[in-house]
Amino acid sequence: MKKRQFSWRLTPLCVLLGGVWATGAWAAPAPVAAQAPALAANAAAQPALMHAKLWPSGLDPKPYLVSEKLDGVRAFWDGQYLRFRSGLPIAAPDWFTAGLPKTPLDGELWLGRGRFDELSGTVRKKLPVEAEWRQLRYMIFDLPGAMGSFAERARRINTLLTEAHQPWLQAVAQTQIPKTAGLQALLKRTVKEGGEGLVLHRANALWSPGRSDALRKLKPMPDEEARVIAHLPGKGRHAGRMGALLLVLPDGQQFALGTGFSDAQRADPPPVGAVVTYRYRDRTPRGLPRFASFLRVQPQ
């Protein structure tokens, strides 16, 4: 079978700063293959990672390093085991994890632009398929628990991955955009070429877990995540299948998400407890999303 060819159209890394680096301590789960009871207990604890807020209009992009927002599956490597951000293990092939450095990494498993569904099918399998994993990349954008500014951590990522010498292990490219007009032009070009949007990380920011003002995402339409708590029955042509998902937001508010689903997804909707991503235009005064549309189910 002819191998797929990849086009990595990312901006070269423009970080010229160095600095002190150190890793934090992470509790590792039991091996995936063993499926021991200890694994389930450890998996219940989500790894402490940084999460992005939305980019507000009027903010100066000059202090930030900018990268493409990849439509991949976030993956946390604790130095020994690869996990989804939920904490559950990813059943990666032995050769894949053997090639990773003994350093915590935060990044995205990625197949390329517009291939999220295919990627999700690959990484959710309990038994990894060799040929499928040979196609994807692990794109690294941070070092969880590391000391130093983000610019320093980005420099350290390049050094680590050069030393690892694995072609499927790559750094997410970072660049500086000094003016808002340039940022918007880059966003427009990225989306036109099939990308989702941009991520901006303040260059002097220290690593800190949780949702951070130092980490921002910029997309033509913002997206967020919520957990499914119920299936609402459909009406009219959707009678007999799911009409909407009842979702709960992180602040505890609930809303019904009823658009963006295919007929197949309505017949077999995301299960209760699943985390889904939705797009929306803006928010109501109460903070609920307006004109929300289903985007995808998050693997976990």
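Basis for what follows: all heavy atoms, side chains included, without hydrogens, waters or symmetry-related copies. Index from 1, following the sequence.
Closest approach of G287 and L249 over heavy atoms only: O-CD1, 4.3 Å. In plain terms, the two heavy atoms of A205 and R153 that are nearest each other are O-NH1, 3.2 Å. Across every non-hydrogen atom of K126 and P128, the tightest pair is O-CD, 3.8 Å. Across every non-hydrogen atom of D71 and R115, the tightest pair is OD2-N, 4.0 Å. Nearest approach of S149 to L206, heavy atoms of both residues: N-CD2, 4.1 Å.
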In sequence, state the C-alpha distance, the side-chain angles, and the governing distance for I90 and L109, and then conclude on side chain to side chain contact (heavy atoms under 4.5 Å, CB included).
CA-CA 11 Å; I90 299 175; L109 297 171; 4.1 Å; yes
Please report the C-alpha distance between Q46 and F76 in whole Å, then the side-chain angles of each, then the deciding distance to 0.1 Å, and finally whether the side chain to side chain contact (heavy atoms under 4.5 Å, CB included) criterion is met.
CA-CA 10 Å; Q46 295 183 0; F76 165 62; over 6 Å; no
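Looking at heavy atoms from C-beta onward, E130 lies in side-chain contact with R134 at the 4.5 angstrom threshold. For the pair R241/D263, a side-chain contact is recorded, criterion being any heavy-atom separation below 4.5 Å from C-beta on. Looking at heavy atoms from C-beta onward, D223 lies in side-chain contact with K217 at the 4.5 angstrom threshold. Using a 4.5 Å heavy-atom threshold, the side chains of Y64 and L183 count as separate.
A salt bridge does not link R85 to D106: none of the charged nitrogens lies less than 4.0 Å from a carboxylate oxygen. Using a 4.0 Å cut-off between charged side-chain N and carboxylate O, R202 and D213 make no salt bridge.
Tracing side-chain contacts under 4.5 Å through hydrophobic residues (I, L, V, M, F, W, Y), one reaches V66 starting from V191; they form part of the same cluster. Hydrophobic clustering (ILVMFWY, side-chain heavy atoms < 4.5 Å, transitive): L246 and V297 are in distinct clusters. Hydrophobic clustering of Ile, Leu, Val, Met, Phe, Trp and Tyr side chains at less than 4.5 Å, counting indirect connections, unites W133 with Y138.
Using a distance-only test at 3.5 Å, with no hydrogens or angles considered, no donor-acceptor pair links the side chain of H51 to the main chain of L215.
Not counting sequence neighbours, the partners of F261 by the ring pair (Phe, Tyr, Trp, His ring centres under 6.0 Å) test are F294.
By the 6.0 Å and 45° rule, R296 stacks over the aromatic ring of F116. Relative to the ring axis of Y280, R283 places its NZ or CZ within 45° and under 6.0 Å from the centre.
Identified under the ring-ring contact (aromatic ring centres under 6.0 Å, His included) test for residues 152-197, with sequence neighbours left out: W95-W168, F96-W168.
Separating the CZ atom in R113 from the CD atom in E196 is a distance of 10.5 Å, to the nearest 0.5 Å. Between the CG atom in L218 and the CH2 atom in W55 there is a gap of 7.5 Å [rounded to 0.5 Å].
Atom CZ of R290 sits in a crowded spot, with more than 12 heavy atoms from other residues, nucleotides or ligands closer than 6.0 Å.
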